[in-house]
Undergrad: 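Input: one structure, supplied below.
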Amino acid sequence: MYITNEKDLNSATPLPYVDRKLISGDNVMFCIYRFEPGADFPCHTHPAEQITYIVKGPWYLKVGEKEELVRVETGTLAVFEPNFPHGGKSAGCEAVCIDAWSPIREDLLKEAKVIHFGKEQK
């Protein structure tokens with residue numbers, strides 16, 4: 001078991017107006033995203049299944065090949081199957097969401113605090 005606090009996770013800015021903090025175990029990865037007004041997260045795909053929880057909305061999800069905008073509010077949950085095109089866009093105010101991926105996103109490991117069986121790895 002390992003316990004930590006969000007403030008102890010490294011912060012990364014992958015895009016303007018976007019902050020993310022990542023923690024990963026061996027089989028699941030967890031991310032806290034903070035989006036400032038004006039944030040635009042491009043559509044992308046990855047081989048991991050993803051669950052997104054909107055902690056603070058509103059926010060727009062971009063979904064599918066046509067990048068349809070779907071307005072989501074605080075408390076919304078979205079489940080994306082592997083390789084499903086998705087992204088996001090500001091609704092004009094700060095938004096916060098939590099993403100969880102399984103299997104872990106190897107492409108994001110360099111940013112994450114990685115935990116193996118209760119021992120922190122860097």
Side-chain angles (χ1 to χ4, degrees):
M1 184 180 95
Y2 184 85
I3 297 174
T4 192
N5 189 289
E6 175 189 353
K7 69 179 181 266
D8 296 325
L9 300 178
N10 293 331
S11 183
T13 306
L15 296 164
Y17 310 109
V18 178
D19 178 76
R20 76 174 161 215
K21 295 181 176 186
L22 294 153
I23 189 166
S24 183
D26 291 323
N27 300 299
V28 67
M29 182 176 268
F30 181 91
C31 179
I32 302 165
Y33 277 105
R34 295 188 186 284
F35 301 102
E36 296 176 24
D40 189 357
F41 206 93
C43 261
H44 61 283
T45 63
H46 45 73
E49 185 173 332
Q50 176 177 324
I51 298 175
T52 297
Y53 174 66
I54 307 301
V55 176
K56 180 179 179 183
W59 175 249
Y60 287 102
L61 291 175
K62 296 178 189 177
V63 296
E65 295 291 336
K66 295 183 179 180
E67 299 186 19
E68 176 186 352
L69 290 178
V70 177
R71 186 180 169 104
V72 291
E73 303 289 338
T74 302
T76 300
L77 285 155
V79 181
F80 300 100
E81 63 265 24
N83 300 307
F84 184 83
H86 62 283
K89 184 174 176 62
S90 173
C93 56
E94 181 188 48
V96 178
C97 77
I98 293 172
D99 285 347
W101 299 286
S102 180
I104 61 173
R105 299 262 316 265
E106 299 283 340
D107 59 318
L108 298 177
L109 274 177
K110 64 185 175 292
E111 293 178 28
K113 178 176 276 195
V114 180
I115 310 303
H116 294 289
F117 305 106
K119 296 182 181 174
E120 180 179 346
Q121 305 282 316
K122 290 191 178 185

Undergrad: Write down the atom of G64, the atom of C43, and the distance for their closest heavy-atom approach.
TA: O-SG, 4.4 Å
Undergrad: How far does OG of S90 sit from CH2 of W59, to the nearest 0.5 angstrom?
TA: 6.5 Å
Undergrad: State yes or no: do I98 and I115 share one hydrophobic cluster built from I, L, V, M, F, W and Y residues joined by side-chain heavy-atom distances below 4.5 Å, directly or via other members?
TA: yes
Undergrad: Using side chain to side chain contact (heavy atoms under 4.5 Å, CB included) as the criterion, list what pairs up with S11, not counting sequence neighbours.
TA: D19, K21
Undergrad: Hey, could you give me the CD/OG1 distance between E111 and T13, rounded to the nearest 0.5 Å?
TA: 9.0 Å
Undergrad: For D40, what residues pass the side-chain hydrogen bond (donor to acceptor under 3.5 Å, both in side chains) criterion, not counting sequence neighbours?
TA: K62
Undergrad: I'd like to know if Y60 and L15 are part of one continuous hydrophobic network [Ile/Leu/Val/Met/Phe/Trp/Tyr, side-chain heavy atoms within less than 4.5 Å].
TA: no
Undergrad: To the closest 0.5 Å, what do you measure between CD (E65) and CZ (F84)?
TA: 8.5 Å
Undergrad: Name all residues meeting the salt bridge (Lys or Arg N to Asp or Glu O under 4.0 Å) criterion together with D107; count only those two or more places apart in sequence or in a different chain, and write none if there are none.
TA: R105
Undergrad: CD/E81 to CG/N83 distance, rounded to the nearest 0.5 angstrom?
TA: 9.0 Å
Undergrad: Which heavy atom of K113 sits nearest to which heavy atom of D8, and what is that distance?
TA: NZ-O, 3.5 Å
Undergrad: Is there a continuous path of hydrophobic side-chain contacts, each under 4.5 Å between heavy atoms, that joins I54 to L69?
TA: no
Undergrad: Does one hydrophobic cluster hold both L108 and V114, with members joined at side-chain heavy-atom distances below 4.5 Å?
TA: yes
Undergrad: Go through the structure and list residues passing salt bridge (Lys or Arg N to Asp or Glu O under 4.0 Å) with E49, not counting sequence neighbours.
TA: none
Undergrad: In residues 22-38, what donor-acceptor pairs under 3.5 Å come from side-chain atoms, sequence neighbours left out?
TA:
residue: D26; atom: OD1; partner: H116; partner atom: ND1; Å: 2.2
residue: Y33; atom: OH; partner: R20; partner atom: NH1; Å: 3.1
residue: R34; atom: NH2; partner: E6; partner atom: OE1; Å: 3.4
residue: R34; atom: NH2; partner: E6; partner atom: OE2; Å: 2.9

Undergrad: Where do A48 and P103 come nearest, in terms of heavy atoms and distance?
TA: CB-O, 3.3 Å
Undergrad: Between atom CZ of F80 and atom OG1 of T52, what is the distance when rounded to the nearest 0.5 Å?
TA: 5.0 Å
Undergrad: How long is the straight-line distance from CG of L61 back to NE2 of H86, given to the nearest 0.5 Å?
TA: 9.0 Å
Undergrad: In chain order, what residues pass the salt bridge (Lys or Arg N to Asp or Glu O under 4.0 Å) check against K89, with sequence neighbours excluded?
TA: none
Undergrad: List the atom of P58, the atom of A95, and the distance in Å for their closest heavy-atom pair.
TA: O-CB, 3.7 Å
Undergrad: For P42, is there any backbone N or O sitting under 3.5 Å from a side-chain donor or acceptor partner on H44?
TA: yes
